[in-house]
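Each remark here refers to the structure printed beneath this line.
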Amino acid sequence: MNKTKKRILETTIRLFNRDGFANVSLPLIAKIVDISLGNLTYHFHKKEDLIESIYALFQEELAIITKDYKVLSDLGEMDRQLRDFYEFQQRFRFFY
C-alpha cells in the first residue's frame with residue numbers, strides 16, 4: 001500500500017471513530033489529509049470503497065492478534081490477550 005493511501009485510511013479511521021461514518025464526507029477527509037478531492041477519489045472512488053478497505057485492514061489486524069491465541073497457560077497471558085483485543089476494539093470502535 002502506498003504512503004498516501006495509508007495516510008487516507010488512518011485519517012479516515014480516526015474521523016469515523018470521532019464523528020461516525022455518516023458524519024464524515026470525502027471533502028472533509030481530503031481536507032484533513034491535505035490532499036485534493038481528486039487525489040482522494042483517485043485512490044477511493046466513493047466512501048463505500050474506503051469502508052471496504054478499512055474492513056479489510058480490520059480483518060488483517062484481527063487475524064494477526066488472534067493467530068497466537070490458544071488455551072491460556074496463566075493469568076499473565078490472559079491479561080495480554082485481553083489488552084491486545086481491547087486496543088484493537090478501540091482502534092476500530094466505529095464498527096462496534
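This is a predicted model, so every value here is computed, not measured. Side chains included, hydrogens not; waters and symmetry mates left out as well; all remaining heavy atoms used.
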So Glu77 and Leu82, side chain to side chain contact (heavy atoms under 4.5 Å, CB included) or not? Walk me through it. CA-CA 9 Å; Glu77 180 63 17; Leu82 288 172; over 6 Å; no
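Here the NE2 atom belonging to His45 is positioned 11.0 Å from the CG atom belonging to Leu50, to the nearest 0.5 angstrom. Annotation: the span from Thr12 atom OG1 to Leu57 atom CG amounts to 11.0 Å, rounded to 0.5 Å. Here the straight-line distance linking atom CD of Gln59 with atom CD1 of Ile54 works out to 13.0 Å at 0.5 Å rounding. For the atom pair CG (Leu62) and OH (Tyr55), the distance works out to 8.5 Å, reported to the nearest 0.5 Å.
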Could you list the donor-acceptor pairs under 3.5 angstrom formed between side-chain atoms of residues 18-36 and any protein atom two or more places apart in sequence or on another chain?
residue : atom : partner : partner atom : Å
Asn23   : ND2  : Asp19   : O            : 2.8
Ser25   : OG   : Leu28   : N            : 3.2
Ser36   : OG   : Asn39   : N            : 3.0

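At distances below 3.5 Å, not a single donor-acceptor pair connects side-chain atoms of Thr11 with backbone N or O atoms of Ile8. Under the 3.5 Å distance criterion, the side-chain polar atoms of Asn17 are left unmatched by any main-chain donor or acceptor of Arg14.
For the pair Lys5 and Tyr42, the cation-pi criterion (under 6.0 Å, within 45° of the ring axis) is not fulfilled.
The aromatic rings of Phe92 and Phe95 sit tilted, their planes meeting at an angle between 30° and 60°. Ring pair Phe94/Phe16 is perpendicular by interplanar angle, where above 60° counts as perpendicular and below 30° as parallel.
Leu9 and Ile64 sit in two unconnected hydrophobic clusters of ILVMFWY residues. Membership requires side-chain heavy atoms under 4.5 Å apart, directly or through other members.
Arg80 approaches Asp84 most closely through the heavy-atom pair NH1-OD2, 2.7 Å.
Applying the salt bridge (Lys or Arg N to Asp or Glu O under 4.0 Å) test to every pair with at least one member in residues 52-67, sequence neighbours left out, gives these pairs: Glu61-Arg91.
Checked against salt bridge (charged side-chain N to carboxylate O under 4.0 Å, His left out), Asp79 has the following partners two or more places apart in sequence or in another chain: Arg83.
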